[in-house]
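Computation of the quantities below employed the complete heavy-atom set of this structure, encompassing side-chain atoms and omitting hydrogens, waters and symmetry-equivalent molecules.
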Amino acid sequence: MRRRIMIWMGSAALFALVAGVAAITLFPGSNATPSRVIAKSPIAKCMNLGNALEAPSEGEWGYRIRTQDMIRLRDAGFDTVRVPVKWSAHAESTAPYTVDPAIFQRVDQVATDALAAGLNVIVNVHHYEALMSDPETHELRLEAIWAQLSAHYADWPQGLMFEFINEPNGDMTTARVDALNARLLAEVRRDNPARWVIVGGAGWGNLEPLLASDPPRDPRVITTFHHYGPFEFTHQGATWTAQDYPTGVGFGTPEELSDIREIMRQAARFRYDTGLPVFLGEFGAIHNADLDDRAAWTRAMREAAEAESIGWCYWDFATSFKAYSPEEEAWIDPILDALIPRES
Ligand code: BGC
């Protein structure tokens, strides 16, 4: 095994071994010889703590992250939390684009709580809308923001992971995203040679643009995609979508179920082709949908991802797609059970 890893990935794989990264071997077909050894992502079951630190002020969108939520998530069987942060709203608009120490303080507290509970924590750059409409100006600013994040978290445990850009869209084309990911990785690797870094493609983080992308090959890079299909089911009654999707839409035809399995097969094929782990960074169904249908969709997504050994992250913990009700201080049992079935 050791020899094969070294042949395929050379010194990069040696680095992964030294770092204690377990590896999985993928068999593309029943008789095929294993030809890829791919680092095993540390993320299996993850929850998005969404709509907290990307809101204008935390709590304004209905949720404020709490220490006890980390314990609750760990006890329920999750291993990772993804923390969306709108860093662009907390950095100067002119060079050197200094990030406000107050947001660092808050994210540090959340990350400390997560790590103390034994969870991995993904820190991302969320909702950087100006980047999507004016990349010429804002790519530089994002690079400066990541340089500051990289320096700030350099000495933190490896359970803290970086994710460069949430759902690039608009003028952030595949070519631009690929080039920017490469530059950002070079920047963060200076201070964080071994940290896990998550990169995606263009087109709102959907799988198809990821398949067309060329992510940086690095033993500690994970690629990511989001999946909310069928969108008219998962986003029924949503108030923030470009078009309105009426409520009352169900889920569960054989075709819908097989589309989900096909998405995960394609993602697994991309992992095989690139040699990089792949991560379903967001999926979820809005609370306006029928609860049984939400649970059926969530279970189908989670099972299809796990069938292909793809780590996943449910969107979201406690707001519009909630798995947990902060009003009742209780899990929404059918959603939790769809994510992490209770032992019978
Ligand atoms: C956005 C959220 C939204 C979710 C589902 C996320 O990427 O940040 O605001 O609720 O997708 O649409």
Side-chain angles (χ1 to χ4, degrees), residues 21-24 38-52 63 65-84 110-111 113-124 157-163 166 196-198 200 205 207 220 222-228 234 260-261 263-264 267-268 271 276-285 294-319 321-325 330-344:
V21 179
I24 53 165
I38 296 171
K40 187 171 169 4
S41 155
I43 314 161
K45 302 170 195 300
C46 165
M47 180 62 82
N48 274 289
L49 301 179
N51 287 333
Y63 176 59
I65 301 172
R66 304 166 301 181
T67 307
Q68 68 263 35
D69 292 333
M70 304 299 183
I71 319 267
R72 223 185 298 279
L73 284 155
R74 190 266 323 275
D75 288 351
F78 292 86
D79 54 49
T80 305
V81 287
R82 180 171 179 261
V83 181
V110 167
D113 285 350
L115 293 166
L119 298 165
N120 302 308
V121 55
I122 302 167
V123 173
N124 86 346
Q158 300 302 334
L160 184 141
M161 297 175 252
F162 292 155
E163 183 183 325
N166 183 66
W196 287 102
V197 170
I198 302 173
L207 179 63
R220 288 257 176 140
I222 296 170
T223 64
T224 187
F225 70 104
H226 296 175
H227 188 72
Y228 286 100
T234 61
I260 285 174
R261 288 192 292 267
I263 286 282
M264 302 306 163
R271 174 179 58 199
L276 301 171
V278 63
F279 166 54
L280 172 61
E282 282 186 26
F283 72 107
R294 285 183 72 203
W297 183 87
T298 303
R299 187 178 300 274
M301 286 287 297
R302 193 266 305 159
E303 285 179 352
E306 289 183 353
E308 299 291 349
S309 306
I310 294 172
W312 49 260
C313 203
Y314 184 75
W315 184 278
D316 65 296
F317 179 57
T319 70
F321 290 58
K322 60 186 131 198
Y324 181 88
S325 164
W331 285 101
I332 300 169
D333 282 328
I335 304 297
L336 178 61
D337 196 61
L339 292 170
I340 303 186
R342 249 142 302 171
E343 315 269 316
S344 47

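When all heavy atoms of Ile222 and Pro42 are compared, the closest pair comes out as CD1-CD, 4.0 Å. When every heavy atom of Leu115 is checked against every heavy atom of Gly159, the shortest pair comes out as CD2-C, 3.9 Å. The two residues Pro84 and Asn124 make their nearest non-hydrogen contact at CA-OD1, 3.0 Å. Minimum heavy-atom separation, Asn48 to Cys313: ND2-O, 3.3 Å. In this structure, Ala267 and Val278 approach most closely via the heavy-atom pair O-CG1, 3.7 Å. Smallest separation of non-hydrogen atoms from Ile310 and Ala268: CD1-N, 4.1 Å.
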Between Thr223 and Arg271, is a side-chain contact (heavy atoms from CB on, under 4.5 Å) present by the stated rule, with each step listed?
CA-CA 8 Å; Thr223 64; Arg271 174 179 58 199; over 6 Å; no

Please lay out, stage by stage, how Arg342 and Asp337 fare under the test side-chain contact (heavy atoms from CB on, under 4.5 Å).
CA-CA 6 Å; Arg342 249 142 302 171; Asp337 196 61; 3.2 Å; yes

Begin with the C-alpha distance, continue with both residues' side-chain angles, and end with the deciding distance and a verdict on side-chain contact (heavy atoms from CB on, under 4.5 Å) for Ile122 and Val81.
CA-CA 6 Å; Ile122 302 167; Val81 287; over 6 Å; no

For a side-chain contact (heavy atoms from CB on, under 4.5 Å) check, start with the C-alpha distance between Ile43 and Trp312, then their side-chain angles and the critical distance, and finish with the verdict.
CA-CA 7 Å; Ile43 314 161; Trp312 49 260; over 6 Å; no

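Taking the six-membered ring where the residue is Trp, the centroids of Tyr63 and Phe317 are separated by under 6.0 Å. Residues Phe279 and Trp196 place their aromatic rings such that the two centres sit no closer than 6.0 Å.
To the nearest 0.5 Å, the span separating OG1 on Thr67 from CG on Asp113 amounts to 3.5 Å. Taking NE2 of His227 as the start and CG of Leu207 as the end, the distance is 8.5 Å to the nearest 0.5 Å. Interatomic distance, OG1 of Thr234 versus CZ of Arg294, reported as 11.0 Å (0.5 Å rounding). Here the CD-OG1 distance, from Glu282 to Thr224, works out to 8.0 Å after rounding to the nearest 0.5 Å. If you take CD1 on Ile198 and OG on Ser41, they are separated by 7.0 Å, rounding to the nearest 0.5 Å. One finds the CD1 atom of Ile65 at 5.0 Å from the CG atom of Leu49 (value rounded to the nearest 0.5 Å).
Residues Val121 and Thr80 have side chains not in contact (no heavy-atom distance under 4.5 Å, counting atoms from C-beta outward). Between Met264 and Leu280 the shortest side-chain heavy-atom distance falls below 4.5 Å. The shortest side-chain heavy-atom distance between Ile263 and Met301 does not fall under the 4.5 Å cut-off. Counting only heavy atoms from C-beta outward, the side chains of Arg299 and Pro341 approach each other to under 4.5 Å. Two residues are said to be in side-chain contact when any heavy atoms from C-beta on lie closer than 4.5 Å; Lys322 and Ile332 meet this criterion.
Salt-bridge formation is detected for the pair Glu306/Lys45: a Lys NZ or Arg NE/NH1/NH2 atom is positioned less than 4.0 Å from an Asp or Glu carboxylate oxygen. A salt bridge links Arg66 with Asp69: at least one charged nitrogen is closer than 4.0 Å to a carboxylate oxygen.
Side-chain atoms of Arg261 never come within 3.5 Å of backbone atoms of Ala304 as a donor-acceptor pair (strictly under, hydrogens ignored). Within the 3.5 Å criterion, the main-chain N or O of Leu339 finds a donor-acceptor partner in the side chain of Arg302. Proximity of a side-chain donor or acceptor of Asp79 to a complementary backbone N or O of Leu119 within less than 3.5 Å is not detected.
Under the salt bridge (charged side-chain N to carboxylate O under 4.0 Å, His left out) criterion, Glu163 pairs with Arg82, sequence neighbours left out.
Side-chain contact, Asp316 with Tyr324: no donor N or O sits under 3.5 Å from an acceptor N or O.
For the ring pair (Phe, Tyr, Trp, His ring centres under 6.0 Å) with Phe283, the qualifying choice from Trp315, Phe321, Tyr228, Tyr314 is Tyr314, the only one to do so.
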